[in-house]
There are 2 protein chains.
Amino acid sequence: MMILGLVRWMQPVHGYDVRRELLSWSADKWANIQPGSIYHALRKLTEEGLLRAVATEQVGARPARTTYEVTVKGEDEFETLLRNSWWTISEPPDPFVAAFSFLPAMPRDEAAAALRNRANQLRAGIESMRASLESDWVRNRKPAHVGWMFELWSARAEAEMGWCERIAERIDSGVSYLPAELDEAQGWSGWKDGAEPPDTDAE
Amino acid sequence: MMILGLVRWMQPVHGYDVRRELLSWSADKWANIQPGSIYHALRKLTEEGLLRAVATEQVGARPARTTYEVTVKGEDEFETLLRNSWWTISEPPDPFVAAFSFLPAMPRDEAAAALRNRANQLRAGIESMRASLESDWVRNRKPAHVGWMFELWSARAEAEMGWCERIAERIDSGVSYLPAELDEAQGWSGWKDGAEPPDTDAE
DNA sequence: AGCGTAATAGCCAAGTTTGACTAAACCGTG
DNA sequence: CACGGTTTAGTCAAACTTGGCTATTACGCT
């Protein structure tokens, strides 16, 4: 729950503020938070005693807004949570890896093309990150470590770019996907270039 | 829903088979699937007409098991889903990035130490992946593209390793986190080395 | 002034995910 | 052969997430 961290950083805040902040970081992308979940999270954190509802103002006939603050217990909890995320490593789930594991279901030429396309998209992403790194907006108005996060994304993307091109090459070269042991059999084509694998009982 | 893909690949299967396969790929790590969700997914896919329940056998008094197959519609849907994942890029959510965005809340020395520790963990991960790449088990019994996935993870990890060390250096060097514009103010220390940021109203 | 669009705030029902739980059958081993 | 542990197979209630909805006020434009 990194919402706790946001509240801690912006307190006192009401839900909509948090929502806006997350939106401006387009945090729905790299965090796991859709706007709908915020209010539930705030209420849950409150009932766990990590937050405290500080006030409920109302302007005109608009919906009332509740303002929150972090309690001492919340401060503690955030500290352990944060420390935990910093010290332990955890493979985040990646839809592309999942898709890649179905490589044999893709026609070879499409797979190679898609990988090259991915490399290009990555390159474009890096480019635009470099650009905003140079831009005054990030250089002057944003804390330095925001730029550092961009560097991390760039570094990862660059590595992946190289990989995409290497693998596209290999796929084009026509090497078999089969485990070395049964490389004499000829199965495993995709739905495009032939019948289904003749039940090789792999694994 | 990449469960569909698994069923397509292993059909005919029952839920527990899928669960075992996912477990053996330790897919709860890099995919988004805990064993509990499988049965719900199967039922949902069935009622959407993408799967078809093929039989419900029962051995002795053990729980009955239902076997599924992919329908033609399911085949189609899988094709579009898969193609979509191959051609479009999507930043997966990464808890570390989220944690890193709270850098100013960490004491400098701990942050640097954690980053160096992370670099080491990454190095160890790469090492063990290299090892299993060399191992006969992967080289002979597993399809080639499984090894290629390992290469992707390695490449990303290597890039991240470098980044960790660079950033640790910077943090040690004591550069300010503040946006260049207000670098004369002195706020923003963590909970460890001082008071909270004096409400710089950043963004 | 009038009117359409956007922003403000948050709620909520419907859908999903999850970890804990059953309960029989198989395995091996002293 | 008895009996403890693992494997098989799946269910379920509780928690969580989500996208859509409401209803008011502010803003921009002619």
Side-chain angles (χ1 to χ4, degrees), chain A residues 1-4 6-7 10-24 26-51 53-68 81 90 92-93 95 98 203, chain B residues 1-4 6-7 10-24 26-51 53-68 81 90 92-93 95 98 203:
Chain A
M1 289 301 181
M2 297 274 131
I3 287 206
L4 181 52
L6 258 187
V7 174
M10 304 172 59
Q11 61 186 312
V13 268
H14 51 98
Y16 196 70
D17 265 355
V18 176
R19 175 185 187 162
R20 268 210 319 256
E21 189 66 11
L22 283 176
L23 202 75
S24 90
S26 49
D28 46 338
K29 247 186 44 196
W30 50 271
N32 242 339
I33 306 165
Q34 259 55 41
S37 354
I38 294 172
Y39 299 95
H40 171 70
L42 289 176
R43 268 190 297 266
K44 210 200 97 194
L45 290 172
T46 302
E47 109 192 9
E48 280 174 9
L50 306 180
L51 294 185
V54 133
T56 308
E57 327 151 47
Q58 182 152 16
V59 181
R62 264 190 284 187
R65 61 190 199 182
T66 311
T67 314
Y68 296 90
L81 246 43
S90 75
E203 176 68 356
Chain B
M1 289 300 180
M2 297 274 130
I3 287 206
L4 180 53
L6 258 186
V7 175
M10 304 171 60
Q11 62 185 311
V13 268
H14 50 97
Y16 195 68
D17 266 355
V18 175
R19 177 185 184 161
R20 268 210 319 257
E21 188 67 11
L22 283 175
L23 202 75
S24 90
S26 50
D28 47 336
K29 248 185 45 196
W30 51 271
N32 242 341
I33 306 165
Q34 258 57 42
S37 354
I38 294 172
Y39 299 95
H40 172 70
L42 288 176
R43 268 191 297 267
K44 211 199 98 194
L45 290 172
T46 302
E47 108 191 9
E48 280 174 9
L50 306 181
L51 294 185
V54 132
T56 309
E57 327 152 47
Q58 181 150 17
V59 181
R62 263 190 281 187
R65 62 190 198 182
T66 311
T67 314
Y68 295 90
L81 246 44
S90 75
E203 179 65 353

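From a predicted model like this one, the values you see are computed outputs, not experimental measurements. Order of the sequence lines fixes the chain letters, A, B, ..., with proteins taken first and strands second; residue numbering starts at 1 for each chain.
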Q) Rounded to the nearest Å, what distance is computed from the CZ atom of residue B:R65 to the P atom of nucleotide D:dT7? A) 17 Å
Q: Answer yes or no: is there a side-chain heavy-atom contact under 4.5 Å between B:H14 and B:T66?
A: no
Q. If we only count heavy atoms from C-beta on, is the B:Y68 to B:V54 side-chain gap below 4.5 Å?
A. no
Q) Within the side chain of B:S24, is there an N or O that forms a donor-acceptor pair under 3.5 Å with the backbone of B:E21? A) yes
Q) Between A:G36 and B:D17, which is nearer to the 5' end of DNA chain D once each is assigned its nearest nucleotide? A) B:D17
Q | Any B:R20 side-chain nitrogen or oxygen under 4.0 Å from OP1 or OP2 of D:dT8 | A | yes
Q) With respect to the phosphate group of D:dA15, does any side-chain polar atom (N or O) of A:K44 fall under 4.0 Å of OP1 or OP2? A) no
Q) Rounded to the Å, how far apart are A:L23 CG and C:dA7 P? A) 10 Å
Q) Over how many whole Å does the gap from A:Y68 atom OH to C:dG10 atom C1' extend? A) 10 Å
**Q.** Whole angstrom value for the distance that separates C1' of C:dG19 from NE2 of B:H40
**A.** 16 Å
Q. Whole Å only: how far is the CG atom of B:L22 from the P atom of C:dT17?
A. 13 Å
Q) Is there a side-chain polar atom (N or O) of A:S37 under 4.0 Å from OP1 or OP2 of D:dC16? A) no
Q: Take the protein atom CD1 of B:I33 and the nucleotide atom P of C:dT16, then report the distance between them rounded to whole Å.
A: 14 Å
Q | C:dT18 OP1/OP2 closer than 4.0 Å to side-chain N/O of B:Q34 | A | yes
Q: Could you check whether A:R19 gets within reach of a base, just the sugar-phosphate, or nothing at all, counting any heavy atom under 4.0 Å?
A: base
Q: For A:A64, answer base if it contacts any base atom (sugar-phosphate contacts may also be present), sugar-phosphate if it contacts only those atoms, and nothing otherwise; contact means non-hydrogen atoms under 4.0 Å.
A: sugar-phosphate
Q. For A:H14 and C:dG10, is the shortest distance between a side-chain N/O and OP1 or OP2 below 4.0 Å?
A. yes
Q: Answer yes or no: is there a donor N or O on one side and an acceptor on the other, between the side chain of B:S37 and the main chain of B:Q34, under 3.5 Å?
A: yes
(Q) Is the shortest side-chain heavy-atom distance between B:Q58 and B:R65 below 4.5 Å? (A) no
Q. Rounded to the Å, how far apart are B:I38 CD1 and D:dG10 P?
A. 10 Å
Q) Choosing from C:dG10, D:dA9, D:dT11, which nucleotide comes nearest the side chain of A:Y39? A) C:dG10
(Q) I want to verify a distance call: between D:dA9, C:dA9, C:dT16, whose nearest atom is closest to the A:P63 side chain? (A) C:dA9
Q: Could you state the atom-to-atom distance from CG of A:L45 to C1' of D:dC16 in whole Å?
A: 13 Å
(Q) With a 4.0 Å limit, can you tell me whether A:Y16 has a side-chain N or O closer than that to the phosphate oxygens OP1/OP2 of C:dG10? (A) no
